[in-house]
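This report refers to the structure that appears directly beneath it.
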Amino acid sequence: MPRSGGCLCGGVRYEVEGPLAPVQLCHCGECRKAQGSAFGANMPVASAAFRLLQGEDLLREHRASPGKRRVFCGACGSPIFSQRDAAPQTVRLRVGTLDGDGEGLTVGFHIHAASKAAWCPIEDGRPAYSGEAPD
């Protein structure tokens, strides 16, 4: 059963097919800035499993770092996903854009914990990697 999601204004809508991976909480400075929060809640999704239903004309992108695009709604600013040029087969979906309360989803781990916000301790017992997660 597909899960649906979209941006704050409702102009961008999408569906994701198949089982969903655990949520990855990224504490890097770019994710904190892009999300306006202590971390980004991301989930890798196969590009083939992500289907844009509406709002393609609203999508904008920003390249804060080489080889990576951050895609967001140009009307309301909601971040939708990021994608690396070297890995077009995967999008990193912004989990907060999924509809509903996220029932059935779990946090897998934290990445870039070495650069986390000082005001947000990591105390959930999940693995916390100083940089990227190991393969």
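Since we're looking at a predicted model, the values are computed, not measured. When reading the values below, keep in mind they use all heavy atoms of this one structure, side chains included, and skip hydrogens, waters and symmetry mates.
Minimum interatomic distance between Pro88 and Gln83 (heavy atoms only, all atoms of both residues): O-NE2, 3.0 Å. Here the closest non-hydrogen pair linking Gly10 and Gln54 is O-NE2, 3.0 Å. Taking each heavy atom of Cys31 and Gly40 in turn, the nearest pair found is CB-N, 4.0 Å. Nearest heavy atom pair, residue Ser37 against residue Trp119, reads C-CH2, 4.4 Å. Here the closest heavy-atom approach between residue Cys9 and residue Ala75 is recorded as SG-CB, 4.0 Å. Residues Ala34 and Arg70 approach most closely at CB-NH1, 3.6 Å, considering heavy atoms.
A side chain to side chain donor-acceptor pair (under 3.5 Å) check over residues 6-26, counting only residues at least two apart or in different chains, returns the pairs Arg13-Asp99, Tyr14-Thr97, Glu15-Arg51, Gln24-Arg92.
There is no path of hydrophobic side-chain contacts, each under 4.5 Å, that joins Val16 to Phe72.
Among Arg69, Glu61, Arg94, the one residue that satisfies the side-chain hydrogen bond (donor to acceptor under 3.5 Å, both in side chains) test with Ser82 is Arg94.
Side-chain contact check for Ile80 versus Leu59: some heavy-atom pair is nearer than 4.5 Å. By the 4.5 Å heavy-atom criterion applied to side chains, Lys116 and Arg32 are not counted as neighbours. Proximity of Val23 to Asn42: side-chain heavy atoms (C-beta onward) are nowhere separated by under 4.5 Å.
His110 is linked by a ring-ring contact (aromatic ring centres under 6.0 Å, His included) to His27, counting only residues two or more places apart in sequence or in another chain. Applying the side-chain contact (heavy atoms from CB on, under 4.5 Å) criterion to Ala133, with sequence neighbours excluded, gives Phe109, Ile111, Tyr129. Asp57 pairs by the salt bridge (charged side-chain N to carboxylate O under 4.0 Å, His left out) definition with nothing, not counting sequence neighbours.
With hydrogens and angles disregarded, no donor-acceptor distance shorter than 3.5 Å links the side chain of Thr90 to the backbone of Val45. Formation of a donor-acceptor pair under 3.5 Å by the Arg3 side chain with backbone atoms of Pro19 is not found in this model.
By the neighbour-count criterion of 12 heavy atoms within 6.0 Å, atom CD of Glu56 is sparsely surrounded, having that number or fewer from other residues, nucleotides or ligands. Atom CG of Leu52 sits in a crowded spot, with more than 12 heavy atoms from other residues, nucleotides or ligands closer than 6.0 Å. Around CZ of Arg60, the count of heavy atoms belonging to other residues, nucleotides or ligands within 6.0 Å exceeds 12.
Separating the CG atom in Leu20 from the CG atom in Leu105 is a distance of 6.0 Å, to the nearest 0.5 Å. Separating the CG atom in Leu25 from the CE atom in Met43 is a distance of 10.5 Å, to the nearest 0.5 Å.
Its side chain outside the 4.5 Å cluster rule for every partner, Leu53 clusters with none of the Ile, Leu, Val, Met, Phe, Trp and Tyr residues. Other residues sharing a hydrophobic cluster with Met1 under the 4.5 Å side-chain heavy-atom criterion for ILVMFWY residues do not exist; the residue is a singleton.
In this structure, Lys68 does not pair ionically with Glu30, as no charged nitrogen and carboxylate oxygen lie closer than 4.0 Å.
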(request) Assess whether side-chain contact (heavy atoms from CB on, under 4.5 Å) is satisfied between Phe39 and Cys120, documenting all intermediate values. (result) CA-CA 9 Å; Phe39 49 80; Cys120 186; 4.2 Å; yes
(message) Set out, in order, the CA-CA distance, both residues' side-chain angles and the distance that settles side-chain contact (heavy atoms from CB on, under 4.5 Å) for Asp124 and Val107, then state yes or no.
(response) CA-CA 9 Å; Asp124 62 5; Val107 172; 4.3 Å; yes
